[in-house]
Asker: 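The following block contains the structure, expressed as structure tokens.
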Amino acid sequence: MTLLSTPAVSVRDLRKSFGSLEVLRGISLDAAEGQVISILGSSGSGKSTMLRCINMLETPDAGEIAIGGEVIALRKGRNGRTEPANRSQVDRIRSRVAMVFQSFNLWSHLTVLENVIEAPIHVQKRPRAECIAEAEALLAKVGIVDKRNHYPAHLSGGQQQRAAIARALAMKPQLMLFDEPTSALDPELVGEVLRVMRSLAEEGRTMLVVTHEMGFARDVSSRVVFLHKGMVEEDGPPGEVFSAPTSPRFRQFISEHR
Amino acid sequence: MSTLSLMSLGSDGWGLAMLVAAGVTLSVASCGFLLGSVIGGLVAWVKLSGGAVARAAADAYTTILRGIPDLLIIYLFYFGGSALLSSIAGLLGPGGFVGVSGFAAGATAIGIISGAYQSEVFRGAYTALNRGEIEAAKSVGMHRALMFRRIIAPQVLRYAIPGLGNVWQLALKESALVSVTGLVELLRQSAIGAGSTREPFSFYLAAAVLYLAITTVSSWGFRRAESYAMRGVRRT
Ligand SMILES: Nc1ncnc2c1ncn2[C@@H]1O[C@H](COP(=O)(O)OP(=O)(O)O)[C@@H](O)[C@H]1O
């Protein structure tokens, strides 16, 4: 695929260590508008860390991240570690990049509807009535509009994750990051969340999905990236990489995860 | 005379004076408690996010305050405050002893004491927060002040309510110690009545009933507040 327009997200030579543990060892990745990229890899390969760097929940030690062409400015802090040069730029970029977490992380003191309208009203400063109408439409789309006045603790995991997806969508994000969105769910609830994600992919949203769901990677994503020890080991359309993997480690990973 | 007729609200009874004194008790305890909330909030914030020096100072504050008898702290504020005011007045012109009001000294002392306890309550409540919810707030682009106002403060308050209820009961009891400054709160008023009628038991019994009434109503209030605040939390 040729990238004629600016990539939705562009990662250049990303590095990150925790203490002496080098978790990301120079990752580069461009995602075009509308691409759905499944990020695979065994546990500890750095998938979540990479995703968390993209919206600055972790600060990279080195490298460059650009969202829709805007480079996130970093600088060396006083203690020698990198830090965001400009907090308001980070906040602005985060409001365009939505994150869906493994453990949902809905705000427990707010109802489902309140969770969905919180950021549109208070971060994006949009009119309340408009936000409520949109939130109800989004909740209907993910199939839990009847739960809008419930608190998160009273929903099943699958319902909570769908609410979290609605909360992410409410920001009208340019890019959606999913960090193992189905890993905390009981097996019988995985399907309902994957169905919602599939419909988002079909709408042409740009998504980076860290997942262990091989079915999703194979059937829904437009591209598969396999990480190994903090480096990109395999990268290509699912049809190609699954049938003819170039990396022996990815071949082994596939055989362990069918 | 029976306790009931002694405590009648009429002009020859002591009931009205006792009720007014109960009002003074409530006011000095509430002012102290609210001051303590402000102090406790700030100290908790310093303990959680301050530099090493500020944190050490905050720890010293709670350690010292919990190690000194409350009565002594009230004396220190009353006499220390008066000495300070007197020397300031001395600078401005000739003058003798200027006393701080018992109410101000008492409320300040209760505030300082209660602040030490409240800082621990707030700190504990903050550590009970789910980190993931804070990450979610960051991830939608909330800046720090907004995240504090919309996500952190409501949840900290929710977890703090039971602890704050206990600290409030303490403040109420400490308010009785303020009687040493001469402030006519419930205990002092009872002593006055007891002395002038020679019916100490009746007065102290009435005082006990009034204290109990205040604590009963307030613990009911805190329970209501807690169940309202915990409405989104699954009981385990
Ligand atoms: N905040 C952190 N502090 C220290 N180590 C971390 C932190 N986050 C992740 N790690 C470590 O980094 C490695 C990679 O983690 P992660 O990116 O979550 O991998 P993956 O998502 O591929 O399982 C793991 O060994 C993990 O223990």
Asker: Go through the side-chain N and O atoms of S37(B) and Q118(B) and say whether any donor and acceptor fall under 3.5 Å apart.
Answerer: yes

Asker: Which atoms of R52(A) come close to chain B, meaning under 4.5 Å heavy atom to heavy atom: side chain ones, backbone ones, both, or neither?
Answerer: side chain

Asker: Which word best sums up how the rings of Y75(B) and F79(B) line up, parallel for under 30°, tilted for 30 to 60°, or perpendicular for over 60°?
Answerer: parallel

Asker: Of the backbone (N, CA, C, O) and the side chain (C-beta and beyond), which part of A229(B) lies under 4.5 Å from a heavy atom of chain A, both, or neither?
Answerer: neither

Asker: Could you tell me which portion of Q102(A) (side chain, backbone, both or neither) has an atom closer than 4.5 angstrom to a non-hydrogen atom of chain B?
Answerer: neither

Asker: Could you check if a side-chain atom of F101(A) sits within less than 4.5 angstrom of a side-chain atom of L57(A), using non-hydrogen atoms only?
Answerer: yes

Asker: Go through the atoms of L106(A) and report whether side chain, backbone, both or neither lie under 4.5 Å from a heavy atom of chain B.
Answerer: backbone

Asker: Could you have a look at N55(A), V97(A), V123(A) and say which one has the most heavy-atom pairs with chain B under 4.5 angstrom?
Answerer: V123(A)

Asker: Taking side chain as everything from C-beta outward and backbone as N, CA, C, O, which of these in R150(B) sits under 4.5 Å from a heavy atom of chain A? Side chain, backbone, both or neither.
Answerer: both

Asker: Which atoms of R144(B) come close to chain A, meaning under 4.5 Å heavy atom to heavy atom: side chain ones, backbone ones, both, or neither?
Answerer: side chain

Asker: Any chance the side chains of T62(B) and K47(B) put a donor and an acceptor closer than 3.5 Å?
Answerer: yes

Asker: In terms of heavy-atom pairs under 4.5 Å, which option from H109(A), M56(A), R96(A) contacts chain B the most?
Answerer: H109(A)

Asker: OG/S108(A) to CD1/I151(B) distance, rounded to the nearest 0.5 angstrom?
Answerer: 9.0 Å

Asker: Testing V209(A), L208(A), L51(A), I39(A) for side chain to side chain contact (heavy atoms under 4.5 Å, CB included) with D179(A), which one passes?
Answerer: L51(A)

